[in-house]
Protein chains: 2
Amino acid sequence: MAAYLIRKLEHFAVLSDDDKRALQLAASYRIRHVAAREDVIREGDKPRHVNLMLEGYACRSKSLEDGRRQIVAFFIPGDICDACMFMLKQMDHSIGALSAVKLAEIPGEMFLDMARNSPVIAAALAWNALVEEAIAREWTLNVGQRSAYERMAHLLCEFFVRLQAVGLASGGGCELPMTQAELADALGLSTVHVNRTLQELRANHLITLRGKTLVIHDLPALQEAGLFSPTYLHLERGGHQSAVVV
Amino acid sequence: MAAYLIRKLEHFAVLSDDDKRALQLAASYRIRHVAAREDVIREGDKPRHVNLMLEGYACRSKSLEDGRRQIVAFFIPGDICDACMFMLKQMDHSIGALSAVKLAEIPGEMFLDMARNSPVIAAALAWNALVEEAIAREWTLNVGQRSAYERMAHLLCEFFVRLQAVGLASGGGCELPMTQAELADALGLSTVHVNRTLQELRANHLITLRGKTLVIHDLPALQEAGLFSPTYLHLERGGHQSAVVV
DNA sequence: CGCCATTTTGAGTAACTTCAAACTATGTGG
DNA sequence: CCACATAGTTTGAAGTTACTCAAAATGGCG
């Protein structure tokens, strides 16, 4: 149930069998299915529990009154969409399903108890939160400084590497569930320009993208094109393992 | 010593005298002064402790190999630059002083103990981290979707409101410590365009900016110009007060 | 007073947007 | 299983925002 989450956390921490059981239990307490294009939770809503991605793809987005929308994060299986956010009065963003999504709704107290009962889980969850913040910073850098071409290459690299980290990318390819319009919202570009940028990546023999299937022909070259370096994902172990969660 | 931090945390939590003493103690354990334009810590360094801003202004930034730089956050007195980051092997960004800065270096274990010993502090720190994440998301929205004019207006509103929250903005103005080049790096614009955008805001009688002094003549109008709504700063109490920190 | 950093101005340009339409998949009901 | 509707992708052409380069003006500071 929580296999992807466990796989991800193991990049940082050594989980005991008890830890894994606790995670499994939390991940199976309450399951929710959300159809593609439906919202998991909307800006303004009171967050009530922690949403853990079990299957499918989702995104976090913020909108301006006039409809302009920025996707600020993609969620893949194993991601925790809103750890600790149940502390807040209201959501400052929405979470929307990009494909059919299966998620675990973990009650806030259960989530906290899990961390309180195992220092290793607490540390792993804190690490997870730190990585998410690092990704958010990288996205700001992406949108603020990289050109359209670089931005797209970077996004594809990141998505691929993250899927790889939970075992969802086989060889040189992965599923790319979002439409070009959604890519545009994530990159701060127009759909038209996203389309042309993808064509450029194809013309340079870096990728193939047909339907929802992405094939990366030359990962090193794509990384270079996107000025991508995976260090900010902090996938290598080596840190201090102790933490507190509120 | 930790007056600004305490003032900020009190927006969310009701701190006991013991809580305040604990914060004061941590904030006075080790003090460091950093001159304007010097780095507090650099990308690639191993983070060793928690940096708490006591006085002055700083920023978090990320750079690309070719020198392009994105400022992803501004720090003002009371801000914690890198809570929990001591867990990571290396920094994925730099922290630089925008003005002369005085900060408290809090050892990781001391920081964790503070949270472990007081559930209220733990909750307040978690809330603080959530707000920082919300600000990071808003910045991505800013850079990705708003026009130069809107972006600048939004940045000025945010900076002013945050200073207000710790008592550093009197009436309709505040100090604006960064140069136009730094504003440009924060907004993903060129210096030239930042200059022209500021002139436009002045021409519309929204602000006066001379030297390092910003005066906001019409805050509601500036907010409207920047599509700014302070909800994402989560300054109003009303949440659940319990947390875990790794 | 003079130096260096910063701000300001001007002119030409590039990157990306907008609008509009055509084309291609994908899925639905008959 | 086909016909149709709809969502998504692709193309072309024109427009706009913001960038680059370069130089002049201003200001802070020793």
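Below, chain A is the first sequence line, B the second, and so on; all start at residue 1. Since the structure is predicted, the reported quantities are computational estimates derived from the model, not experimental observations.
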**Study point:** Under 4.0 angstrom between B:N195 side-chain N/O and C:dT7 OP1 or OP2
**Key:** no
Exercise for review: Provide, to the nearest angstrom, the distance between the NE2 atom belonging to B:H193 and the P atom belonging to D:dC19.
Suggested key: 6 Å
Review point. Pick the nucleotide of DNA chain C nearest each of A:T191 and A:G211; which residue has the one closer to the 5' end?
Key: A:T191
Check your understanding: Have A:H205 and A:D218 got a donor and an acceptor in their side chains that come within less than 3.5 Å?
Key -> no
Exercise for review: Pick base, sugar-phosphate or nothing for A:R146, based on heavy-atom distances below 4.0 Å to the nucleic acid.
Suggested key: nothing
**Study point:** A:R210 side-chain N/O to C:dT24 phosphate OP1/OP2 under 4.0 Å
**Key:** no
Check your understanding: Could you give the CD-to-P distance, from B:Q180 to C:dT7, as a whole number of Å?
Key -> 4 Å
Exercise for review: Return the value, rounded to whole Å, for the distance between atom CD of A:E182 and atom C1' of D:dT9.
Suggested key: 14 Å
Practice item. May I ask you to evaluate whether A:Q199 reaches the phosphate of D:dT11, defined as a side-chain N or O under 4.0 Å from OP1 or OP2? Key: yes
**Study point:** d(CG, B:L183; C1', C:dT6) in whole Å
**Key:** 12 Å
Practice item. Would you mind classifying the nucleic acid contact of B:L198 as base, sugar-phosphate or nothing, using non-hydrogen atoms under 4.0 angstrom? Key: nothing
Practice item. Please figure out whether A:R196 or A:K212 has its closest DNA chain D nucleotide nearer the 5' end. Key: A:K212
Review point. So what does B:T179 touch, heavy atoms closer than 4.0 Å: a base, only the sugar-phosphate, or nothing?
Key: sugar-phosphate
Review point. Nearest-Å distance, CG (A:L189) to P (C:dT18)?
Key: 11 Å
Practice item. Compute whether any side-chain donor of one residue and acceptor of the other, for B:N195 and B:Q199, lie under 3.5 angstrom apart. Key: yes
**Study point:** No-hydrogen, no-angle side-chain donor-acceptor test under 3.5 Å, A:S94 and A:S61
**Key:** no
**Study point:** Value in whole Å for how far the P atom of C:dT8 lies from CD of B:E200
**Key:** 14 Å
Review point. Roughly how many Å is it from CE in B:M178 to P in C:dT7, rounded to a whole number?
Key: 11 Å
Exercise for review: Output yes when at least one side-chain N/O atom of B:R37 is less than 4.0 Å from OP1 or OP2 of C:dT6, else no.
Suggested key: yes
Point to revise | Shortest non-hydrogen contact from B:K46 toward B:L88 | key: NZ-O, 2.9 Å
Review point. Does D:dC19 have OP1 or OP2 sitting under 4.0 Å from an N or O in the side chain of B:R68?
Key: no
Review point. Among D:dC21, C:dT17, D:dT10, which nucleotide sits nearest the side chain of A:R202?
Key: D:dT10
Check your understanding: Just checking A:S147: base, sugar-phosphate only, or nothing, at a heavy-atom cut-off of under 4.0 Å?
Key -> sugar-phosphate
Review point. Could you give the CG-to-C1' distance, from A:L187 to C:dT17, as a whole number of Å?
Key: 15 Å
Check your understanding: Does B:E133 come within less than 4.0 Å of A:R60, counting only side-chain N to carboxylate O?
Key -> no
